[in-house]
Amino acid sequence: MRVRRNVYGLPAGDDTLLWYGRAVAAMKQLPSSNPRGWEYQAAIHGLDADVPDDLTSYWAQCQHGSSFFLPWHRMYLLHFERIVATQIKALGGPADWALPYWDYSSDPAWRALPPAFRGHTLADGSRNPLFVAERRNAANSGARFLDERDVDLEDALTADPDTDGFFGGEQAGHTSGEFGQLELTVHNRIHGRVGGLMGNPDFAALDPIFWLHHANIDRLWEVWLARDPGHHNLTTRFWLRGVSFDFHGDDGQPVSMRTTDVLDLTAPALDYSYEDLSDPLAIPAAVAGLSEAMPPPKQFELVGATLSPVVLDDQVRHAVLPTPVTPQAFADDTAPAGLVAGPPSPLVQKVTLKLEHVTSTAHSPTYDVYLNVPDAAAPSSHEDRFVGRATMFGVVQASDPRGPHAGSGQDFAFDITDIYRQLSDAGQVDPQNLRVSFVPVDPEPGTKVSVGRISLYFA
Ligand SMILES: [Cu+2]
């Protein structure tokens with residue numbers, strides 16, 4: 001069984017990454033038509049519309065904003081890892097090579113790009129095949145360029161499969177539907193913060209760090225499953241068997257797989273494990289206890305929305321969201337005082353803020369979103385009103401009117417139940433209006449993002 005190890009835990013002198021680099025260099029020598037070549041492997045992930053006719057079932061297949069995001073990327077990594085391992089063996093390397101993973105969350109020191117990916121050259125003076133010049137300078141500088149919000153796992157690892165959308169929208173396809181929590185949070189954020197090729201789904205897999213990032217996302221799926229008995233994979237026939245995806249094996253021959261084929265890591269077709277699947281969150285029991293005590297949410301009801309698109313750029317921007325239907329649910333609530341930190345009232349169990357039909361021509365613009373920050377204050381001085389970080393990975397493709405979604409853009413949903421409740425209890429929610437603030441992360445002049453509608457839902 002192959003063991004995927006923590007890239008930051010590899011012992012001194014370990015040659016896992018040296019062999020990875022040699023395989024990358026060898027794969028780059030192959031023509032783009034060769035399924036075992038570097039460009040071909042990356043094109044499988046692309047979203048580009050210009051796919052040769054005979055490759056339409058192999059290229060531009062990545063599943064994003066979809067419940068197939070996790071299983072599809074697992075299949076993709078599996079075949080890539082085999083191809084690389086076979087290449088390494090052919091070059092005279094070890095027979096049991098496995099893809100390492102980049103765990104940026106468990107130690108602040110690991111928020112820097114792993115050293116082997118940063119130097120222009122190797123010890124012998126040759127070009128480093130793992131280095132990519134197009135990344136953001138902060139990533140290639142060796143700084144701990146990821147911040148706490150990028151690497152925070154709380155929302156993803158506590159997401160309920162049935163009510164919080166851990167998996168995302170049911171339909172297959174890329175840049176469709178809704179993001180699952182793991183994809184929306186740490187997955188998108190690391191893509192955006194590394195930037196360069198990584199910030200654009202068409203080219204992301206050309207950056208060798210892509211594969212270590214996705215190995216970690218794949219690992220976190222297993223961590224999520226193991227950490228709470230209420231967490232489970234989807235059971236719909238459509239998800240398990242309804243769609244099959246095409247790849248090439250390490251022998252260069254076509255292979256098809258469905259979700260049901262990749263749910264058990266110990267199955268002969270997978271046969272890999274992770275060095276560490278322990279739960280990185282400190283208080284799983286309390287969280288699990290709370291979610292179990294809650295009845296399933298009712299239907300979501302739209303209680304407010306902006307009337308025209310909101311344009312974001314490289315500055316802090318605010319939007320006012322009229323909430324004409326805001327029920328005084330929290331204020332009227334007869335629950336005893338002191339319940340603020342407890343489960344939401346029976347009247348309103350869940351408050352969701354959505355950014356709908358987000359379109360842009362910039363790759364992976366990222367914004368920190370805040371709620372009801374007072375007019376004169378800087379949002380960053382109101383940590384308690386921070387809603388979430390939206391990284392719009394894939395937004396350019398989702399905005400393309402010729403694309404599969406006719407340019408309808410991306411949607412982002414944030415669970416703001418706790419913040420809304422606290423503000424409401426403190427008398428800081430104007431029943432007629434909500435104020436939403438956007439702070440650009442890695443602002444770039446010239447960036448324009450249109451948010452078609454900002455909306456508020458109660459359930
Ligand atoms: Cu990705």
Side-chain angles (χ1 to χ4, degrees), residues 63-74 103-106 148-171 176-191 213-214 216-236 239 259 263 277-300 341 343-344 348-355 369 386-391 393 410-421 457-459:
Q63 305 291 309
H64 287 114
S66 157
S67 59
F68 291 95
F69 167 74
L70 289 170
W72 184 85
H73 281 84
R74 174 167 289 175
D103 173 3
Y104 17 69
S105 301
S106 300
E148 213 148 315
R149 288 174 180 173
D150 296 314
V151 303
D152 184 51
L153 299 175
E154 175 96 30
D155 287 348
L157 293 186
T158 61
D160 185 274
D162 304 310
T163 57
D164 298 324
F166 176 78
F167 286 97
E170 199 196 3
Q171 70 187 122
S176 70
E178 331 139 30
F179 290 111
Q181 285 299 324
L182 185 54
E183 183 182 6
L184 173 72
T185 59
V186 73
H187 166 261
N188 279 10
R189 291 168 193 165
I190 274 59
H191 270 287
H213 172 38
H214 267 278
N216 191 48
I217 297 298
D218 187 66
R219 182 184 73 91
L220 290 170
W221 178 12
E222 291 297 306
V223 170
W224 173 83
L225 276 173
R227 71 179 298 276
D228 186 325
H231 291 173
H232 57 83
N233 284 322
L234 299 177
T235 52
T236 62
W239 191 69
T259 302
L263 297 179
L277 288 175
S278 61
D279 183 0
L281 299 184
I283 44 160
V287 173
L290 260 187
S291 65
E292 269 158 26
M294 248 186 276
K298 303 165 294 193
Q299 279 295 94
F300 280 97
V348 172
Q349 293 166 10
K350 201 161 169 171
V351 183
T352 304
L353 183 76
K354 284 193 185 176
L355 313 180
V369 183
F386 174 64
V387 164
R389 175 165 285 182
T391 300
F393 178 62
Q410 293 183 323
D411 291 349
F412 297 83
F414 298 98
D415 181 346
I416 59 166
T417 310
D418 293 343
I419 301 177
Y420 194 89
R421 171 155 205 130
Y457 291 81
F458 278 8

- prompt: Can E222 and R74 be counted as an ion pair, charged N to O under 4.0 angstrom?
  reply: yes

message: Assess whether a salt bridge exists between D152 and R389, defined as any Lys/Arg side-chain N lying under 4.0 Å from an Asp/Glu carboxylate O.
response: no

With H231 via ring pair (Phe, Tyr, Trp, His ring centres under 6.0 Å) - residues at least two apart: W224

query: When you look at T259 and L70, which way does the side chain to side chain contact (heavy atoms under 4.5 Å, CB included) test go after all the steps?
result: CA-CA 9 Å; T259 302; L70 289 170; over 6 Å; no

- prompt: Would you call the rings of H213 and H187 parallel, tilted or perpendicular if under 30° counts as parallel and over 60° as perpendicular?
  reply: parallel

field: Parallel, tilted or perpendicular: ring planes of F69 versus H73, cut at 30 and 60 degrees
entry: tilted

message: Between W239 and S67 (side chain of the first, backbone of the second, donor and acceptor by atom type, cut-off under 3.5 Å), is there such a pair?
response: yes

- request: Measure across D155 and T185 and return the closest heavy-atom pair with its distance rounded to 0.1 Å.
  value: CB-CG2, 4.2 Å

Reported OG1-to-CZ distance for the pair T158 and F166, which is rounded to 0.5 angstrom: 10.0 Å

query: Which atom pair, heavy atoms only, marks the closest approach of T417 to V351?
result: OG1-N, 3.0 Å

message: If I take atom CZ from residue F414 and atom CZ from residue F386, how far apart are they, to the nearest 0.5 angstrom?
response: 8.0 Å

task: Kindly say whether V151 contributes a backbone atom to a donor-acceptor pair with the side chain of S105 at under 3.5 angstrom?
output: yes

query: Got a second to check how far F179's CZ is from S66's OG, nearest 0.5 Å?
result: 11.0 Å

field: Between CG on residue L157 and CG on residue L220, distance to nearest 0.5 Å
entry: 6.0 Å

- prompt: Is there a donor-acceptor contact under 3.5 Å from the side chain of N188 to the main chain of T391?
  reply: yes

